[in-house]
There are 2 protein chains.
Amino acid sequence: MPQPSSLTKGERTRQTIIDAAHTLIVEQGYAGTSMRQISERAGLALGGIYNHFPNKEAIFVEVIISKHPFHQVLPLLQAAPGDTVEEFVRNAAKRMIAELGRRPDFIKLIFVELVEFEGRDLPRMFQVIFPQVLPLVQRFQSHEGELRPIDPFILFRAFLGLFISYYMTELLLAGIPAALKPENSFDSFVEIFLHGVIAAKDN
Amino acid sequence: MPQPSSLTKGERTRQTIIDAAHTLIVEQGYAGTSMRQISERAGLALGGIYNHFPNKEAIFVEVIISKHPFHQVLPLLQAAPGDTVEEFVRNAAKRMIAELGRRPDFIKLIFVELVEFEGRDLPRMFQVIFPQVLPLVQRFQSHEGELRPIDPFILFRAFLGLFISYYMTELLLAGIPAALKPENSFDSFVEIFLHGVIAAKDN
DNA sequence: CCTACCGATCGGTAGG
DNA sequence: CCTACCGATCGGTAGG
């Protein structure tokens with residue numbers, strides 16, 4: 001959400017173009033979205049776009065970088081409370097799944113990046129993202145005592161994977177009769193993960 | 001892999017078109033692939049395609065149905081040996097990860113279906129797939145004694161999710177310095193899953 | 001199954 | 001920032 005008041009007119013127009021492109025690309029993919037559609041949605045003439053971006057791909061690169069899920073997701077995870085790993089994971093999971101429900105575009109953006117751009121921008125993305133990942137890895141690390149011996153980076157990766165696997169299988173199994181789908185599936189996913197990583201209690 | 005000798009000429013041409021479209025769509029997406037590219041790769045004139053398919057979308061529907069990862073993956077899982085859940089999971093995981101390495105197109109096909117077709121074909125897909133899923137669910141069910149109390153369908157879903165989460169995070173974290181990536185990450189994923197689902201032993 | 005074509009739309013630009 | 005345009009390419013078809 002841009003704050004028009006703090007931006008110059010040119011910056012506002014630029015942001016409008018990025019927002020328009022983001023919406024369309026998530027709905028139709030990159031190749032399926034035309035510069036004319038973007039210009040219409042942004043409320044200017046086709047030629048006007050080229051005052052702000054040299055070409056179509058440059059718009060996408062801006063979209064993928066500024067709208068990347070990690071920007072919302074990582075701060076969300078960092079802010080999750082919890083004095084033990086178990087509490088933290090439960091809280092973080094609850095927040096994540098709520099956010100994913102609110103933003104179905106998250107996965108689609110990643111798909112477009114992976115298929116239509118073959119992940120070309122991922123290395124650059126990661127430079128921006130990495131400083132935010134580190135404190136999460138360390139948060140697991142500082143609770144080593146509660147955990148089975150697992151490399152903390154793998155732990156973080158499996159933690160991320162928990163959401164990805166839930167969300168992807170949700171999409172993939174969309175065709176399944178609802179009667180077969182147990183309620184609270186996500187809670188079960190969280191329990192499996194917790195049992196998988198937390199050391200057996202001594203008592 | 002088609003067997004030309006057992007097909008009529010028309011069927012062979014049709015298959016050639018599907019194969020060509022599959023390759024191109026996985027590389028460039030659906031909207032990014034033109035009918036002319038498909039015709040060139042299949043070795044016939046543009047107009048010739050329309051003797052076999054009414055339009056572009058019909059080709060994709062055939063591609064997604066006949067090349068869907070589940071066709072390779074489910075038989076692979078079913079054939080995995082193992083008298084206990086633990087053995088089965090380890091064997092199945094080994095086979096799956098080898099197959100995923102061999103067929104990077106798997107995930108891309110799913111992405112195209114999900115983004116460019118909004119999962120429209122998934123319900124129909126699932127009708128074809130479901131009979132193959134059932135025996136796998138039952139296989140978990142028949143070893144209930146070894147497992148924590150988890151709905152067998154969720155168990156299957158989490159099992160599928162194990163591969164998806166490993167593979168997706170592998171792609172997503174592609175930008176990361178290799179020095180930070182622990183070796184044998186996949187084995188760790190399998191261990192976390194096993195600890196998550198297998199009941200604590202009595203001894 | 002090919003040739004030759006259709007109208008529509010594409011990304012991008014010149015010129016103001 | 002818009003108007004008017006460029007050549008190229010798109011999905012699809014008629015006619016043989």
Side-chain angles (χ1 to χ4, degrees), chain A residues 2 4-5 7-65 112-113 115-118 120-121, chain B residues 2 4-5 7-65 112-113 115-118 120-121:
Chain A
S5 49
L7 298 174
T8 67
K9 182 153 181 261
E11 283 167 341
R12 251 181 288 139
T13 305
R14 186 185 153 89
Q15 194 55 52
T16 308
I17 295 169
I18 294 175
D19 291 344
H22 174 226
T23 307
L24 290 164
I25 287 171
V26 156
E27 283 171 5
Q28 311 174 333
Y30 173 76
T33 296
S34 72
M35 292 296 272
R36 272 147 186 99
Q37 288 176 319
I38 296 173
S39 74
E40 275 165 36
R41 192 162 230 281
L44 43 63
L46 168 65
I49 292 185
Y50 291 90
N51 295 311
H52 300 274
F53 296 94
N55 54 43
K56 189 182 174 186
E57 179 160 350
I59 301 180
F60 178 75
V61 172
E62 264 303 300
V63 168
I64 189 75
I65 288 180
V112 173
E113 161 69 23
V115 176
E116 301 197 295
F117 288 83
E118 294 167 318
R120 258 180 270 148
D121 308 306
Chain B
S5 50
L7 299 173
T8 67
K9 182 153 182 265
E11 283 166 339
R12 252 181 287 141
T13 305
R14 186 185 153 89
Q15 194 55 52
T16 308
I17 294 169
I18 294 174
D19 292 344
H22 175 226
T23 307
L24 290 164
I25 287 171
V26 156
E27 283 171 4
Q28 310 174 333
Y30 173 76
T33 297
S34 72
M35 292 296 271
R36 273 147 185 99
Q37 286 177 320
I38 297 173
S39 74
E40 274 165 37
R41 191 162 232 280
L44 42 61
L46 167 67
I49 292 186
Y50 291 89
N51 294 311
H52 299 274
F53 296 94
N55 52 46
K56 189 182 174 185
E57 179 162 350
I59 301 180
F60 177 75
V61 171
E62 266 302 300
V63 167
I64 188 77
I65 288 180
V112 172
E113 161 68 22
V115 176
E116 300 197 293
F117 288 84
E118 294 167 318
R120 259 180 269 150
D121 307 306

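No experiment lies behind these values; they were computed from the predicted model shown. So you know, we letter chains A, B, ... as the sequences are listed, proteins then strands, and number each from 1.
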A/Glu40: partners by side chain to side chain donor-acceptor pair (under 3.5 Å), with sequence neighbours left out
none
For residues 44-63 of chain A, which residue pairs pass the salt bridge (Lys or Arg N to Asp or Glu O under 4.0 Å) check, not counting sequence neighbours?
A/Arg14-A/Glu62, A/Glu57-A/Arg120
Send over the distance from A/Leu44 CG to D/dC1 C1', rounded to a whole Å.
8 Å
Under 3.5 Å, sequence neighbours excluded: what are the donor-acceptor pairs made by side chains of residues 20-28 of chain A?
residue : atom : partner  : partner atom : Å
A/His22 : NE2  : A/Asp105 : OD2          : 3.4
A/Thr23 : OG1  : A/Asp19  : O            : 3.0
A/Gln28 : OE1  : A/Thr33  : OG1          : 3.3

Once the angle between the rings of A/Phe117 and A/Phe60 is folded into 0 to 90°, is it parallel (under 30°), tilted (30 to 60°) or perpendicular (over 60°)?
parallel
Encoded 5' to 3' (Watson-Crick or G-U under 3.5 Å; [ ] crossing; | other strand), DNA chain C becomes ||||||||||||||||
Sequence neighbours excluded, the answer for side chain to side chain donor-acceptor pair (under 3.5 Å) partners of B/Glu11 is B/Thr8
Could you give the side-chain donor-acceptor pairs of residues 41-51 of chain A under 3.5 Å, partners two or more places apart or in another chain?
residue : atom : partner : partner atom : Å
A/Asn51 : ND2  : A/Gly48 : O            : 3.3

Output all residues satisfying ring pair (Phe, Tyr, Trp, His ring centres under 6.0 Å) with A/Phe53, sequence neighbours left out; order by chain, then residue number.
none
Report the distance from atom CD1 of A/Ile64 to atom CD1 of A/Ile59, rounding to the nearest 0.5 Å.
14.0 Å
Which letter, B, S or -, goes with each nucleotide of nucleotides 9-16 of chain D from 5' to 3', with contact meaning a protein heavy atom under 4.0 Å?
-BBBB---
